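Below you'll find the structure, written out as C-alpha cells, and then a few comments.
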Amino acid sequence: MRIATWNVNSITARLPRLLAWLENTGTDVLCVQETKSTLEQFPSDALRELGYEAAVNATGRWNGVALISRVGLDDVVKGLPGGPEYEGVEEPRAISATCGGARVWSVYVPNGREVTHDHYAYKLRWLEALRVAVAEDSAGERPFAVLGDFNVAPTDQDVWDPALFEGATHVTPAERDALAALREGGLSDVMPRPLKYDQPYTFWDYRELRFPKNRGMRIDLVYGNGPFTAAVKDSYVDREERKGKGASDHAPVVVDLDL
DNA sequence: ATGTCACATAGGATGTGA
C-alpha cells in the first residue's frame, strides 16, 4: 500500500496537479490538509472518476482536511475528540478513517503564529488533545498512523537555519515535547528520504526564493505505531511536486508499506 | 525587499493567514 500526506494549500487551486499526481504515483491513501474549501466545493466527483472515495472535514476559507482512498474508507470520524476551540469555533483540523486495514488520521495542527499569541497556547492544547485521542490506537496491534502538517520541526536538523528560528514557533521545546509525548505513547517518526540534498524538507515558503535555495523545514510528518512502522518499505519527500508554476508550498510525503 | 500565494469582501484594491 502506498500512503501519503500533502498540505495542498487549497484543493481547488491544486486540483489539476492533485489528479495528475494521484495517477502518476498510484497512491492508495492520501491525507490532505488545507483544503480551504467547503464540503460542496470539494472535488469528490473528479476523484471518484479516478477511482477514489473521499471523506472531508472542511468548512470554508481556512483549514480543512480530508482522506482520499481507493482501498476503503470506513468508520470515518470528523474532528479531534476533546480538542480545543479557537475563538469559540471548532476548526476542521482532523479526520480519521480505516483504509485497507490501517487506521489513519489526517491532521492540520494549528500554526501558533507567535509564541506570545493565543494561537500558540491553542496549538499546545490541540497537540495534547491529539495525544489523548490517539493513545489507545497508538498502543494497539492494528497498523495506525497520524499523518499531516504538524507545524513543528522535530529537531534542529529539520530546519534550514535554526539560528533564524530562535524564539519562533515550530521549534520551541514545548512544541517538540508535545511530539515527544506522541512518540512516548507508541508512535515513531517515519523518516523520509530526500530526493536531493541531505535533509528531507517538506515545506519551503513561497517568498524569498526559499525553494530554489533549499531553505526549507520538515514539518509534514508521518507518526506510526509499531505494526505500521514494521510494514514500512520506503518513504520519501516528492520534492518534484514543489517545482514549477501552480505548486503548493508543501511537498507530499510518500510511504510504501507491506500492507 | 514585508520579496508569494490563495481566498474573501466588495464592486477592482485591500485584508487575512501562512
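The structure displayed is predicted, hence computed values, not measured ones. Throughout, protein chains are lettered first and strands after them, A, B, ... in sequence-line order, and every chain is numbered starting at 1. Side chains are part of it too, since the values below use all heavy atoms of this structure and drop only hydrogens, waters and symmetry mates.
- OP1 or OP2 of B:dA18 has at least one side-chain nitrogen or oxygen of A:Arg113 nearer than 4.0 Å.
- Regarding A:Gln33, its CD atom lies at a distance of 14 Å from the P atom of B:dA18, rounded to whole Å.
- The distance between atom NZ of A:Lys36 and atom C1' of B:dT4, rounded to the nearest whole Å, is 11 Å.
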With both pairing distances under 3.5 angstrom for Watson-Crick or G-U wobble, and | for a partner in another strand, the correct string for DNA chain B is ...((((((...))))))
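- At the phosphate of B:dA6, OP1 or OP2 sits under 4.0 Å from a side-chain N or O atom of A:Arg14.
- Taking atom CD on A:Gln41 and atom P on B:dA6, their separation rounds to 15 Å, with Å as the unit.
- Comparing A:Phe203 and A:Ala247 by the nucleotide of DNA chain B whose heavy atom lies nearest to each, the residue mapping closer to the 5' end is A:Ala247.
- Salt-bridge formation is detected for the pair A:Glu128/A:Arg131: a Lys NZ or Arg NE/NH1/NH2 atom is positioned less than 4.0 Å from an Asp or Glu carboxylate oxygen.
- Mapping A:His119 and A:Tyr206 onto DNA chain B via the closest heavy atom, the residue that lands nearer the 5' end is A:Tyr206.
- To the nearest angstrom, P of B:dG17 lies 16 Å from NZ of A:Lys123.
- Atom P of nucleotide B:dT4 and atom CZ of A:Arg242 are separated by 13 Å, given to the nearest angstrom.
- Salt bridge annotation for A:Asp28-A:Arg2: absent, with no cationic side-chain nitrogen under 4.0 angstrom from a carboxylate oxygen.
- Applying the side-chain hydrogen bond (donor to acceptor under 3.5 Å, both in side chains) test to residues at least two apart or on different chains, none of the pairs has a partner in residues 159-169 of chain A.
- You'll find that the side chain of A:Glu208 is closest to B:dT2, out of B:dT2, B:dC7, B:dA18.
- Two rings, from A:Tyr120 and A:His117, have their centers 6.0 Å or more apart.
- For the pair A:Asp189 and A:Arg218, the salt-bridge criterion is met [side-chain N within less than 4.0 Å of a carboxylate O].
- With 3.5 Å as the limit, one finds a donor-acceptor pair spanning the side chains of A:Asn7 and A:Glu34.
- Distance, A:Arg207 CZ to B:dA18 C1': 7 Å, rounded to whole Å.
- Going from atom CD of A:Glu34 over to atom P of B:dA6 covers 12 Å, rounded to whole Å.
- When rounded to the nearest whole Å, the span between CZ of A:Arg215 and P of B:dT4 equals 16 Å.
- Side-chain polar atoms of A:Tyr86 and A:Asn63 form no donor-acceptor pair below 3.5 angstrom.
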